[in-house]
Every structure is written in structure tokens, then in C-alpha cells.
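I am attaching a structure below and will ask some questions about it afterwards.
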Amino acid sequence: MVQPGRDAGEEIRAPESARKVHLSSLGFAWSASDPTDVIAPVIPQILAANKSAMPLNMLKAEYFNLEREGGVTTIRFGPRIEGSMFWTLLRSQGRCGLTPDEHAVLKFLLLRSSGTCRLLTDFPNAGSKQQRFAGRTYYLSDLGCDEAASTLEVVGKRGERNSYVPKSGILRLTGCNPPNAEEERSLFESLGEWCFLRPSGLRKL
């Protein structure tokens with residue numbers, strides 16, 4: 001677990017013990033002792049909670065915005081940890097903070113493109129530019145969107161070849177077919193327990 005600075009979250013005290021647990025607004029916790037003992041007992045209650053409804057446009061904006069100009073679609077992606085000030089720290093430790101719901105959303109968008117996009121990768125290809133973080137070597141690489149989707153790393157699952165969202169969170173795609181409202185609604189309804197929001201309103205028949 002990456003341990004952020006104290007300014008990354010507020011400190012709470014576990015009610016049944018004297019142990020201090022730091023809870024970050026980004027959605028993770030850390031402690032001088034293992035915080036699992038404090039957090040694990042409440043996980044069933046958290047998972048059983050009803051999702052909060054939010055208008056589709058507002059829910060979409062929690063993850064991304066799309067802009068189209070000419071034949072290029074710009075995705076401004078906003079992951080919670082991968083897009084935070086910990087991006088460089090994660091790269092220097094060989095870790096990934098992209099959550100399963102964020103991974104599903106970005107993969108969905110990538111697979112709607114027949115072109116290419118530029119990501120950071122831990123493998124080179126033709127034209128890659130090398131970058132190093134604390135002795136670890138990465139590459140700025142232009143990938144076909146199918147390859148980008150298949151190599152996009154998600155927290156807890158590391159492949160042989162991995163790609164990562166740029167620090168800026170900006171991806172530019174060619175040949176992209178942006179989803180319509182019903183496709184977006186289906187996407188957000190399918191995100192499961194990692195997303196505690198759902199689109200409000202009824203699906204059109």
C-alpha cells in the first residue's frame with residue numbers, strides 16, 4: 001500500500017480500539033498497524049448499502065469528459081488515485097491505482113476506437129520514448145486502442161505487458177465512436193460494487 005502524506009486525508013480513530021486509522025478522501029486508508037482489522041468487519045455493510053442515484057451527465061463527469069475536434073476525440077479521464085499526486089510514486093514503486101470501475105470505463109472507451117492513443121507502458125515499441133521513475137524504466141508509446149485496452153493495468157492484476165493512464169489523464173483517440181446516452185447508462189449500471197453511484201431515471205424502452 002502506498003502511504004501518502006498526512007495532508008492526503010483526515011485522521012479517524014477506530015471506536016473499539018486506540019489504534020489510529022488515516023482515511024483519505026481519495027478512498028484508501030493506512031495506519032501504523034494493519035488497518036484491515038478495523039475496516040474488514042464493516043465491508044459487508046458497505047457492500048449492502050444502496051447506490052446513490054445521480055443524473056447521467058453528472059455521473060459521467062465523475063469519470064471522464066469527451067471533446068471532439070475534427071477526427072480526434074480527446075478523453076479527459078479522472079481516476080481517483082492514478083490521476084492524483086501519487087501517480088509518480090505509483091510508477092516508481094511499480095504499482096497501479098486504477099480501480100476496476102475506472103478500468104472498465106476506460107477500456108469501454110478505448111474499444112470504441114479504431115485508431116491509436118498514447119499511454120505510458122512498461123514495454124517499448126517502435127517510436128517509444130523512454131522515461132524513468134526512481135530507477136524504473138517506462139515508455140511513452142503510441143498503441144492501437146485494442147492493445148491499449150488489453151494491456152491497461154488494474155489494481156491487483158499485473159500482466160506481462162502493462163499500460164498506464166498518462167499523468168495528465170488526457171488521451172487523444174482517432175477513429176473514436178463516442179457512446180450514446182443509453183450505452184453510457186448500460187456501462188454505469190454494470191460497474192458493480194466498486195461504484196456506489198447509479199444513473200438516475202428510467203431506462204428508455
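For the single chain, residues carry numbers from 1 onward in sequence order.
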**OP:** Using modelled atom types only, decide if a donor and an acceptor are shared between the side chain of Ser92 and the backbone of Phe133 within a distance under 3.5 Å.
**Re:**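 Here the side-chain-to-backbone pair does not exist.
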
Original post:
Closest heavy-atom contact between Gly97 and Ile81?
Top reply: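 Smallest interatomic distance, heavy atoms only, reads O-CB, 3.9 Å.
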
Subject >> Main-chain N/O of Phe123 paired to Thr121 side chain as donor or acceptor, under 3.5 Å >> reply: yes

Subject >> Test item: Pro124 and Thr137 side chains (from C-beta on) under 4.5 Å apart, heavy atoms >> reply: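 Of all side-chain heavy-atom pairs linking Thr137 with Pro124, none is under 4.5 Å.
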
Original post:
Which heavy atom of Lys167 sits nearest a heavy atom of Thr88, and at what distance?
Top reply: NZ-OG1, 3.3 Å

Original post:
Hey, does Pro100 have a side-chain heavy atom less than 4.5 Å from the side chain of Val155?
Top reply: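 The answer is yes, as the side chains (C-beta and beyond) meet within the 4.5 Å cut-off.
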
Original post:
Taking Asp122 for the side chain and Asn162 for the main chain, is one N or O donor matched with an acceptor at less than 3.5 Å?
Top reply: yes

Original post:
Leu110 and Phe188: same hydrophobic cluster, using ILVMFWY side-chain contacts below 4.5 Å?
Top reply: yes

Subject >> Pairwise distance OG(Ser141) to CD(Gln130) - rounded to 0.5 angstrom >> reply: 10.5 Å

Subject >> Tyr63 and Asp101 side chains, donor-acceptor separation under 3.5 Å >> reply: yes

Subject >> Under 3.5 Å donor-acceptor, Ser186 side chain and Glu183 backbone >> reply: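 No, the answer is negative, given that no donor and acceptor are paired below the 3.5 Å cut-off.
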
Original post:
If you group Ile, Leu, Val, Met, Phe, Trp and Tyr by side-chain heavy-atom gaps below 4.5 Å, do Leu89 and Trp87 land in one group?
Top reply: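 The answer is no; the residues belong to distinct hydrophobic clusters.
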
Subject >> Taking every non-hydrogen atom, the tightest pair across Leu56 and Ala181 >> reply: CD2-O, 3.5 Å

**OP:** Check whether more than 12 heavy atoms from other residues, nucleotides or ligands sit under 6.0 Å from atom CD of Glu69, and answer yes or no.
**Re:**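 Atom CD in Glu69 is not packed in, count stays at 12 or less.
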
Subject >> Check against side-chain contact (heavy atoms from CB on, under 4.5 Å), Leu171 and Thr74 >> reply: CA-CA 6 Å; Leu171 293 83; Thr74 300; over 6 Å; no

Original post:
To the nearest 0.5 Å, how far apart are CZ in Arg118 and OG in Ser168?
Top reply: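 Interatomic distance, Arg118 CZ to Ser168 OG, rounded to 0.5 Å: 11.0 Å.
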
Original post:
Quick one: do Arg95 and Glu82 make a salt bridge, cutoff under 4.0 Å?
Top reply: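 Between Glu82 and Arg95 there is no salt bridge, as every charged N stays at least 4.0 Å from the carboxylate O atoms.
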
**OP:** Please check if the side chain of Ser163 supplies one atom and the backbone of Leu152 the other of a donor-acceptor pair under 3.5 Å.
**Re:**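 Side chain of Ser163 to backbone of Leu152, a donor-acceptor pair under 3.5 Å: yes, one is there.
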
Original post:
Are more than 12 heavy atoms from other residues, nucleotides or ligands located less than 6.0 Å from atom CZ of Arg112?
Top reply: yes

Subject >> Closest contact, heavy atoms only, Cys176 versus Arg68 >> reply: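 Minimum heavy-atom contact is O-NH2, 3.6 Å.
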
Original post:
Which distance, rounded to the nearest 0.5 Å, do you find between the CG of Leu98 and the NZ of Lys107?
Top reply: 12.0 Å

Original post:
Which value, rounded to the nearest 0.5 Å, describes the distance between Arg132 atom CZ and Arg91 atom CZ?
Top reply: 15.5 Å

Subject >> Straight-line distance of Arg80 CZ to Thr99 OG1, nearest 0.5 Å >> reply: 4.0 Å

Original post:
Minimum heavy-atom separation for Cys145 to Leu173, with atom names?
Top reply: SG-CD2, 3.9 Å

**OP:** Any chance you could measure Arg76, atom CZ, to Asn65, atom CG, to the nearest 0.5 Å?
**Re:** 8.5 Å

Original post:
Applying the 4.5 Å side-chain criterion to the ILVMFWY set and letting contacts propagate, would Phe108 and Leu197 be lumped into a single cluster?
Top reply: yes

**OP:** Using modelled atom types only, decide if a donor and an acceptor are shared between the side chain of Ser128 and the backbone of Asn125 within a distance under 3.5 Å.
**Re:**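 Between the backbone of Asn125 and the side chain of Ser128 there is a qualifying donor-acceptor contact (under 3.5 Å).
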
Original post:
Any chain of hydrophobic side-chain contacts (each under 4.5 Å) joining Tyr164 to Leu109?
Top reply: no

Subject >> Leu119 versus Val165, closest heavy-atom pair with distance >> reply: CD2-CA, 4.4 Å

**OP:** Verify the cluster assignment for Leu143 and Phe77: are they in a single hydrophobic cluster under the rule of side-chain heavy atoms below 4.5 Å apart?
**Re:** yes

